[in-house]
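The next block holds one structure in the form of structure tokens; read it before the comments.
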Amino acid sequence: MLRNYLKTAWRNVVNNKVYSALNIVGLGIGMAVGLLIILWVANEYSYDRFLPGHEQLYQVMKNNPDNNGGIRTVSTVSLPLTDVLRKDIPGIRYVAVTDWSINHGLVAGDKKLYLRGSGVSEDYLRMFRFSMLEGDAGSALQGPNSIVLCASTARALFGTTDVVNKLVRIDNQHDLKVTGVVQDVPANSTLQFKYLIPYSYLIQTQPWLQAARNDWGDNSSQAFVALEPGVSFEKVSAQIKDIIHRYDAKRKEEIFLHPMDRWRLYSDFENGKASGGFITYVQMFTLIGVLVLLIACINFVNLSTARSEKRAREVGVRKAIGSGRRDLVMQFLLESLMLTGLAAVLSIGMLQLALPLFNRVIDGSLHVPYDKLSAWGILLLFIVVTAVMAGSRPAFYLSSFEPVKVLKGGQQAGKSAVLPRKVMVVAQFAASVALIISTIIIYQQIQYAKKRPAGYNASGLLYTYISEDMKRNYHALRQELLQSGVVESVVRASNPVTSIWSRTVVEEWQGRRENQPLMVSEIAVSAGYFSAMGMHLKEGRDFYPLPANDSGYVIINEAAVKRMGLTAPVAGQHIRWRGGEPAVIAGVIKDAVMESPFKPVEPAVFAHRDDDAITLLYRLTDKVDMHTALAKIAPVFNKYNPGYAYDYTFAADSYNKKFKLEALSGQLAAIFAVLAVFISCLGLFGLAAYVAAQRTREIAIRKVMGASIVQLWLMLSKDFVTLVFIGCCIAVPVSFYSLQHWLDKYAYRIHIGPGVFMVAAGAALLITICTISYQTIRAALANPIHSLKAE
């Protein structure tokens, strides 16, 4: 029986080549998008779940009152807090303190690397059980002069992973003994490093960290905790909520734990509560992927029911000779499954071709796990679900025909499918037009933010992190760079111009009315910083050449002036900041976008403190091409910074990374919009062909009666154009509401005008007309004599 079903199904697939091809291509594209989304979503949800016991791992987070009366959530904590968590809170098994994973220079023999590594406390490898290839996780980080290498780092330095007890020189300062080797960190880990050094080493070598050990106000570390098995997360959270206030009555911060399985996808907080994050993008594109697949399934349904008149006699004859409805349903579902199976083969080929491009778009490393049985099970389930989605309505609809009426010609087989078919065409194009509108709005929002004046000139500006050697040799390095002829300015700062790494509080200022102090960005700079960055003073003076001449003076930005409510002249007014330290405002600098280009500029205070600078910023002259300039200055850096390979970052590249998520959204929306429109057009092409075939006699008679080709084209096209127009009318309010909600999260945003909807609707209608014109004009040009003779 099954063999007969399969033979009949295959014969029908082969005999209807155009219909089968349209369905296979449409379903293939839809399934390829679906499989791509499944891979991506599975990858995002698998982040950090490779570690055993991840359910008991948490990051320590802190809620601070912000400048606007709300709550600002950060992951920076103080060292005294971690000591209290470790000693005084029952139920906590491990507490690990880490730095922010910065780059260090590693040297072994003649091998020199500049890689990102983490400074971590002893419990780190006990808590995060990365696979140890050499050494013991419990003791590898106990000694301050030890280092744990990732396997790739060990091979790069020594050519092997058998490196325990060998020495690595770090930052051209100290020799560290290798005490362990861990397997390379998986790509789906939030925690990324190439090596680990003990936090005790950082405390020994960095005086500011020694002072921070007893300072509740120095929040410069990250902390992670692991709970004892069976201990309630809610219970521990309640115990630690006000722990800072208990030890320092002046402080109002609240502490809470953020579960490990939510780090990746739920990283945004609003008023102290998790409000989303990357999960928003995952959900959005999951929905879009489902829509594209549904559009492909709608094509299948529409093309199948459009052919119902041709299949009606087959159904009538088969029922007349004894086939039951169950047999026919099985027959049509097998046809659907066969077409879906062929589409799945096509989709896998498309997926393999698309994955490299998709990985470049998402900056990922997705691959199809062909070696896993579960992957094939998911694929089989996906094929069956798609086949049922696409084939159910045609199967039950076609099998419902009454044989007597069909064979007598009394049942118009296609009429009962016309309205549902029209509804599905409207739904197809409503979704397609909504995707087109979304693509345009996302693009406009990105371009709007990119055109926002940054407040500094990023062209030709580079930065390199300052090592101890560079700090000692700064003046000689600076002089030689300026004399090279390819560098026009060199300055130092506590952070790149595209980032803010430190914040503090201004407690007092003239005319203060609020009870709450002002949180500000704290930026230490050298003389000439503002002119080198292309930033402009609005009032007052710049810093003098020597830091000693500016002792007690600061420069603030316009945002700080506004938040403080200072009245002109601002220069000369007094403030107290950084725990009561007095300062005089020397000048006001115009606002610069150093953080998110989609948010308001933060209040900032600049201080002339060369010793706190850890970033070297230098601008290349535009008289020499970039490659020549870099080749000329690299030996200068190698001369004064011998422990490091020369490393640099373009400020423009760093600034452009701020648009990464929005650009990802725009690119994926554009790709899926094009695919959705293409699949919809495949369906229209097929429907237009069947409508033209059904109305062959009518077209011939109208042509004999004098109807022109244009009149016939309008007659055949108007129904399709009307349906697409209705789809546009539905898409406009739905997309407007959704996109307004999406734009609400941006303080610096565009306002949606009617033009975008007109362009999207116009494009959809034009594409529709182009798609159906081939079939309609072909039918209108046919010789009426042949058509009437055939009838």
Side-chain angles (χ1 to χ4, degrees), residues 42-60 75 82 86 92-104 106 108 113 115-158 160-166 168 170 176-202 221-229 257-265 364-365 367 369:
N43 179 70
E44 296 304 323
Y45 273 97
S46 68
Y47 258 75
D48 302 314
R49 287 171 172 80
F50 63 91
L51 288 173
H54 66 80
E55 300 86 353
Q56 293 293 101
L57 300 178
Y58 301 87
Q59 183 168 15
V60 181
S75 58
T82 62
R86 186 180 293 110
I92 292 181
R93 186 178 187 184
Y94 299 123
V95 177
V97 185
T98 76
D99 66 1
W100 295 91
S101 298
I102 63 174
N103 284 25
H104 294 275
L106 303 180
L113 302 177
L115 298 174
R116 182 174 296 274
S118 297
V120 300
S121 60
E122 291 181 29
D123 282 345
Y124 189 84
L125 287 178
R126 299 172 187 143
M127 177 189 304
F128 302 111
R129 284 170 276 175
F130 294 100
S131 179
M132 295 289 295
L133 302 179
E134 300 286 343
D136 176 62
S139 59
L141 295 168
Q142 283 183 350
N145 294 317
S146 58
I147 186 170
V148 174
L149 303 178
C150 287
S152 59
T153 307
R155 283 191 288 266
L157 287 172
F158 300 103
T160 178
T161 58
D162 185 16
V163 296
V164 171
N165 293 325
K166 293 187 177 182
V168 175
I170 185 167
L176 304 182
K177 184 170 69 173
V178 179
T179 53
V181 177
V182 298
Q183 197 168 24
D184 285 344
V185 181
N188 61 341
S189 173
T190 302
L191 306 170
Q192 292 290 331
F193 55 85
K194 291 296 184 180
Y195 54 89
L196 298 172
I197 54 179
Y199 206 83
S200 55
Y201 168 79
L202 300 180
S221 303
Q222 298 182 94
F224 304 90
V225 302
L227 302 185
E228 295 283 0
L257 301 180
H258 190 42
M260 184 178 188
D261 57 9
R262 296 175 70 84
W263 292 353
R264 168 72 174 176
L265 299 177
S365 55
H367 66 281

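In what follows, every heavy atom counts, from backbone to side chain, and hydrogens, waters and symmetry copies are set aside.
- Ring-centre distance between Tyr199 and Tyr124: not below the 6.0 Å cut-off.
- Across Val182 and Met132, no two heavy atoms sit closer than the pair CG1-SD, 3.2 Å.
- Residue Val120 forms a side-chain contact (heavy atoms from CB on, under 4.5 Å) with just one option from Leu196, Val148, Leu191, Leu202, and that option is Leu196.
- In this structure, Leu149 and Ala154 approach most closely via the heavy-atom pair CD1-CA, 4.0 Å.
- In this structure, Thr179 and Val164 have side chains that are not in contact, with every pair of non-hydrogen atoms separated by 4.5 Å or more.
- In this structure, Phe130 and Phe50 have side chains that are in contact, with non-hydrogen atoms separated by less than 4.5 Å.
- Between Arg86 and Asp123, the closest heavy-atom pair is NE-OD2, 4.4 Å.
- Within the model, atoms OG1 of Thr98 and CD of Gln222 stand 4.0 Å from one another, a figure rounded to the nearest 0.5 Å.
- The distance from atom CH2 of Trp100 to atom OG of Ser118, rounded to the nearest 0.5 Å, is 11.0 Å.
- In this structure, Ile92 CD1 and Thr82 OG1 are separated by 10.5 Å, a value rounded to the nearest 0.5 Å.
- To the nearest 0.5 Å, atoms OH (Tyr94) and CG (Leu57) are separated by 10.5 Å.
- Val168 places a side-chain heavy atom less than 4.5 Å from the side chain of Leu157.
- Counting heavy atoms from C-beta on, the side chains of Thr153 and Lys194 come closer than 4.5 Å.
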Next on the checklist: Is there a side chain to side chain contact (heavy atoms under 4.5 Å, CB included) between Leu257 and Val60? Walk through the geometry before answering.
Outcome noted: CA-CA 5 Å; Leu257 301 180; Val60 181; 4.1 Å; yes

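- Thr190 and Arg264 make their closest contact through OG1-CB, 4.4 Å (heavy atoms, listed as atom of the first residue, atom of the second, distance).
- Looking only at side-chain heavy atoms (C-beta outward), Leu51 and Met260 come within less than 4.5 Å of each other.
- One distance of note links OG of Ser131 with CG of Leu125; it measures 11.0 Å at 0.5 Å rounding.
- Outside the 6.0 Å centre-distance limit, the rings of Phe128 and Phe193 are not counted as a close aromatic pair.
- Looking at every heavy atom in both residues, Ile197 comes nearest to His104 through CD1-NE2, 4.1 Å.
- Side chain of Tyr195 to main chain of Leu115: a donor-acceptor pair is present (N/O by atom type, distance under 3.5 Å, no hydrogens or angles).
- Note that CH2 of Trp263 and CD of Gln59 are 6.0 Å apart. Values are rounded to the nearest 0.5 Å.
- Smallest separation of non-hydrogen atoms from Ser146 and Ala140: OG-O, 3.4 Å.
- A distance-only check finds a donor-acceptor pair linking the side chain of Gln56 to the backbone of Glu228 [under 3.5 Å].
- Within the 3.5 Å criterion, the main-chain N or O of Cys150 finds no donor-acceptor partner in the side chain of Asp184.
- At a threshold of 4.5 Å between non-hydrogen side-chain atoms, the residues Asp136 and Gln142 do not count as touching.
- Annotation: side chain of Lys177 is in contact with side chain of Asn165 (closest heavy-atom distance under 4.5 Å).
- Using a 4.5 Å heavy-atom threshold, the side chains of Val163 and Glu134 count as separate.
- Under a 3.5 Å cut-off, the side chain of Arg49 and the backbone N or O of Tyr45 do form a donor-acceptor pair.
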